Amino acid sequence: MNKTYDHKAAEDRIYKIWEDSGYFHAVPNPDKPPYCIVIPPPNITGQLHMGHALDNTLQDILIRYKRMNGFEALWLPGTDHASIATEAKIVEQMAQEGITKADVGREEFLKRAWKWRGVYGGRIVNQLKKLGSSCDWERERFTMDEGCNRAVIKVFIDLYNKGLVYRGNRIINWCPGCLSALSDIEVEYKEQNSFLWYVRYDAPDKSFSITVATSRPETILGDTAVAVHPDDERYKALVGKEVIIPVVNRAISIVADEYVEMAFGTGAVKITPGHDPNDFEVGQRTGVPAIRVFTDDGHMNENAGEFAGMTLMECREAFVKALEKGGALVKTEPYAHNVGTCYRCGTTVETMISDQWFVKMAPLAKPAIEVVKNGGIQFVPKRFEKTYFNWMENIRDWCISRQLWWGHRIPAYYCDNCGEITVRDTMPPKCPKCGHAGLRQDEDVLDTWFSSGMWPFSTLGYPDDTEELRYFYPTSMLVTGYDIIFFWVARMIVFGMEVMGKHPFDTVFVHGIVRDALGRKMSKSLGNGIDPLEVIEKHGADSLRFSLITGNAPGSDMRFFWEKVESAGNFCNKIYNAARFVLMNIGEEANPDGTNCGEANPNETNPDETNYVINPALFGLTDKWILHKLNGVIDEVTTNLDAFDLGLAAQKVYDFIWSAFCDWYIEMAKPRLYGENAAEKAHVRAVLRYVLIQSLKLLHPFMPFISEELYRHIPGAKETIMLAGWPERDDAYAFDAETDQMEQLMELIRAIRNMRAEMNVPPAKRIALLLMPQPGYEKIFSESAIYLNRLAGVEKVHICTDKAVIPQNAVSIVSPAAEAFAPLDQLMDIEKERERVEKEIVRVQSEIARAKGKLKNTGFMQKAPAGVVQDEKNKLQQNEEMLQKLFERKENLG
RNA sequence: GGGCGCAUAGCUCAGUCGGUUAGAGCACCUGCCUUACAAGCAGGGGGUCAUAGGUUCGAGUCCUACUGCGCCCACCA
């Protein structure tokens with residue numbers, strides 16, 4: 001084995017083995033509990049970015065954990081057709097050839113789109129594999145595949161028949177860039193600096209006038225009323241009267257509506273029901289008509305008279321000039337307001353009246369709210385439930401038709417003869433109402449999110465009643481960023497409750513956004529994105545995964561740092577070398593015949609492991625300590641994973657492997673390992689092997705590649721670590737007393753090391769040590785000479801009880817369980833020694849003061865748990881004993 | 001306007017049920033190429049846990065207020 005770990009050589013090879021073996025495949029199995037995660041389907045246009053990397057790392061950790069834990073764990077992968085995004089790409093590609101959608105027509109366009117999907121749709125799938133994702137690729141789905149298509153069409157029809165999907169002429173958001181309607185959440189509001197124009201509308205006979213304020217003067221062309229508040233004394237008398245729109249010279253009436261804020265502007269509002277959602281509602285209430293003055297592609301239409309054909313901005317400029325010229329512009333003031341933009345293309349979104357399909361949300365939202373309220377679905381972290389409720393409780397109808405070609409075509413058929421609309425899965429041969437033949441299908445497609453909302457059941461077989469659907473639905477877990485709770489999670493819950501009558505998943509695990517090192521969102525326009533594939537190439541998928549999940553709280557944003565990935569890479573190397581060390585002692589190289597690794601154990605369940613038997617009769621202090629600690633880390637990691645504290649869990653594994661196993665156990669195993677006692681050697685090898693195996697298993701969900709790679713090198717290991725079973729605590733290895741003793745020994749070793757550093761004892765210099773253990777620690781310390789030798793450079797340990805034998809130029813080491821003296825001869829520096837002792841006295845004294853204060857407090861003594869009080873007492877006693885020794889020492893120094 | 005989050009070491013962040021002397025990584029200082037690992041080892045410095053109150057025997061942790069950032073929703077034209 002090399003001295004350093006080579007992720008490049010290992011990762012692709014290991015993934016190939018996994019894929020070929022079928023370990024990721026899950027089938028309904030009545031003997032096992034199901035566990036299922038459906039992947040948030042990445043867009044076929046997409047390339048793996050840090051958001052995917054994080055999202056899929058979390059899912060893979062959970063799936064691998066559950067798989068090892070005996071669940072039939074299905075991670076169901078797939079991709080999303082991404083209607084708008086993909087169509088934009090195809091249009092762009094065609095533009096390079098100099099052709100447009102209209103040139104090729106619908107059929108040809110769709111051919112191109114499917115072809116495009118064939119070429120690029122698999123790209124992100126391969127990138128997910130690079131990350132180590134253990135998806136069941138045999139079950140890969142696509143939102144526009146045959147099954148998903150059937151699900152979408154059926155749900156649309158069923159909802160239509162229930163009156164929950166309807167067609168209506170209503171105010172919608174229109175993106176002039178995408179040339180399509182958008183739903184409300186597809187509009188992002190951004191603040192822009194603009195102006196507020198005050199415009200005067202005169203009475204036909206000039207007997208009075210009323211001034212309104214507007215941020216969008218071009219919409220004056222579509223004005224059909226001026227509204228005032230019914231209680232506004234200033235305008236009460238004017239309600240019902242007419243005014244003339246300046247420039248346009250059209251008469252409109254003054255209406256009263258409570259929507260108007262008296263305090264804002266002039267307290268009078270121009271009403272443009274055709275292009276403003278609030279005005280639309282005022283129009284509905286007051287019976288004022290709507291006039292559309294914009295075209296679909298962002299120009300003024302024929303209703304704009306002399307301004308027709310201009311873009312909206314050109315019109316604004318021209319119209320303001322005309323107002324000025326006509327003397328109707330009262331004043332202009334700077335004004336910052338929010339402008340809606342398309343979340344896909346960034347174009348300013350226009351609101352306009354249009355014939356579209358909608359989902360009636362209020363009745364559907366009810367059960368979707370209820371199921372979260374009563375705990376049927378839990379959000380982790382819980383605070384996101386509030387976000388969800390807030391949105392759901394104020395839900396508005398969802399515009400689902402898109403004026404695009406790439407997507408699920410709306411199964412509605414129009415009769416041009418009688419106007420009847422027929423909604424069914426295939427084209428009716430003739431109109432069911434009037435018998436007219438030659439119906440016309442709706443040209444539009446459905447919002448992408450309409451189909452992804454069915455993902456948890458459409459992928460499991462719906463509308464068919466499949467075994468998978470019965471076994472895996474409701475799914476267990478949905479992992480996603482908080483930014484798509486509305487887009488996706490809410491819709492899935494709505495459809496799950498409506499279509500399946502059951503919640504689609506038990507838990508929603510919400511994570512944050514991966515930002516750049518400066519805390520900015522990664523974006524194409526900023527060019528600050530980090531390519532996960534580059535990170536994997538440089539440091540390995542394991543390192544990337546580990547860096548993404550450690551050191552941040554669930555649900556909060558994080559920053560990407562190369563240093564963090566590097567440090568995870570260092571951890572890989574650490575594990576690799578620890579394993580290499582163990583394998584050098586137990587592996588084929590060390591024991592070609594496999595016979596000298598321990599006695600056969602007849603009770604061993606895995607016959608392959610019989611050569612590596614831990615022999616309790618040979619337990620030393622360090623063995624008991626590491627096994628006890630192993631129990632602890634198994635408990636903690638399991639608890640953390642069950643509570644979805646993945647970062648904490650990973651940290652625990654890291655600390656155990658590095659700080660306990662590598663820093664202490666391996667070092668302390670060496671004397672016995674290199675000793676002469678064959679039985680003892682075999683036993684230590686067995687412990688090393690056991691702890692290594694358990695560590696790798698604990699590590700596997702987080703760092704699947706290196707844990708699998710190393711595991712497979714271990715003699716007697718199973719075929720794959722994925723089938724090795726999640727570690728469980730072994731109560732035979734509960735050693736509280738020995739763990740305490742070991743920790744005291746570690747404390748002493750640290751104290752000696754500290755002394756050596758402070759007294760400038762050269763590392764190579766071996767020292768002698770006169771050791772006086774506290775009662776109860778005599779045996780342990782007298783047996784620990786090998787450890788003091790190896791870890792603290794102590795050549796010879798003399799256990800003694802009489803201080804008279806201590807030479808003058810020895811330094812003292814005071815630790816809670818022992819006092820020690822190291823004769824340093826010419827290295828002895830009395831002044832330094834005095835400083836050390838005095839420093840230590842100050843520290844211990846403050847500790848004593850603190851403990852005494854606590855113990856004097858009657859409230860503490862009465863109310864604190866007995867264990868806490870006892871700990872405090874023990875500490876105090878220990879410190880008082882130490883203090884006494886320190887004082888004696890100081891005395892002796894003169 | 002409504003809601004949410006954050007503030008802890010020079011930097012980026014953890015901190016589970018309120019309970020030892022508040023931790024990690026990186027950075028910094030000192031010393032080591034010790035035969036698993038220099039991508040390493042050992043030792044060290046560095047904190048009034050934003051501020052002010054409160055609850056409690058005990059608060060980084062719970063409550064209230066306040067300050068400063070950030071985000072989401074709503075849209076007073």
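Predicted, not measured: the structure shown is a model, and the values here were computed from it. Only this structure's heavy atoms are used, side chains among them; waters, hydrogens and symmetry mates stay out.
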With a 4.0 Å cut-off on heavy atoms, is [X] in touch with a base, just the backbone sugar-phosphate, or nothing at all?
X: A:Thr550; result: nothing
X: A:Lys670; result: base
X: A:Glu261; result: base
X: A:Tyr259; result: base
X: A:Lys652; result: base

Using the [atom1] atom as the reference point in each nucleotide, state the distance between [N] and [M] in Å, no decimals.
N: B:rC69; M: B:rC17; atom1: C1'; result: 31 Å
N: B:rC63; M: B:rG18; atom1: P; result: 10 Å
N: B:rG3; M: B:rC66; atom1: P; result: 13 Å
N: B:rA65; M: B:rG5; atom1: P; result: 14 Å
N: B:rU16; M: B:rG23; atom1: P; result: 14 Å
N: B:rA59; M: B:rU64; atom1: C1'; result: 15 Å

Inset, instruction - Give a yes or no on whether the ring-centroid distance for A:Phe487 and A:Tyr343 is below 6.0 angstrom. - result: yes
Inset, instruction - Assert yes or no for the condition that the ring centre distance of A:Phe656 to A:Trp658 is strictly below 6.0 Å. - result: no
Legend entry - Syn/anti state of B:rC32 by chi, 90° boundary around 0: anti
Legend entry - Whole-Å distance separating the CZ atom of A:Arg559 from the C1' atom of B:rC69: 11 Å
Legend entry - Donor/acceptor link under 3.5 angstrom from A:Asn338 side chain onto base of B:rC75: yes
Legend entry - base_contact_polar (B:rA42 base, A:Glu667 side chain, donor-acceptor, <3.5 Å):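 Counting by modelled atom types and ignoring angles, no donor-acceptor contact under 3.5 Å is found here.
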Legend entry - Base partner of B:rG40, which must satisfy Watson-Crick or wobble distances under 3.5 Å: B:rC32
Inset, instruction - Report the distance from atom CG of A:Asn585 to atom NZ of A:Lys670, rounding to the nearest 0.5 Å. - result: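 With rounding to 0.5 Å, CG (A:Asn585) is 9.5 Å from NZ (A:Lys670).
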Legend entry - Residue whose closest nucleotide on RNA chain B lies nearer the 5' end, A:Ile666 versus A:Asp557: A:Asp557
Legend entry - Donor-acceptor pair between A:Glu186 and A:Ser183 side chains, under 3.5 angstrom: yes
Inset, instruction - Identify which nucleotide among B:rA39, B:rC75, B:rC41 has an atom closest to any side-chain atom of A:Lys574, counting heavy atoms from C-beta outward. - result: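 Of the options given, the side chain of A:Lys574 lies nearest B:rC41.
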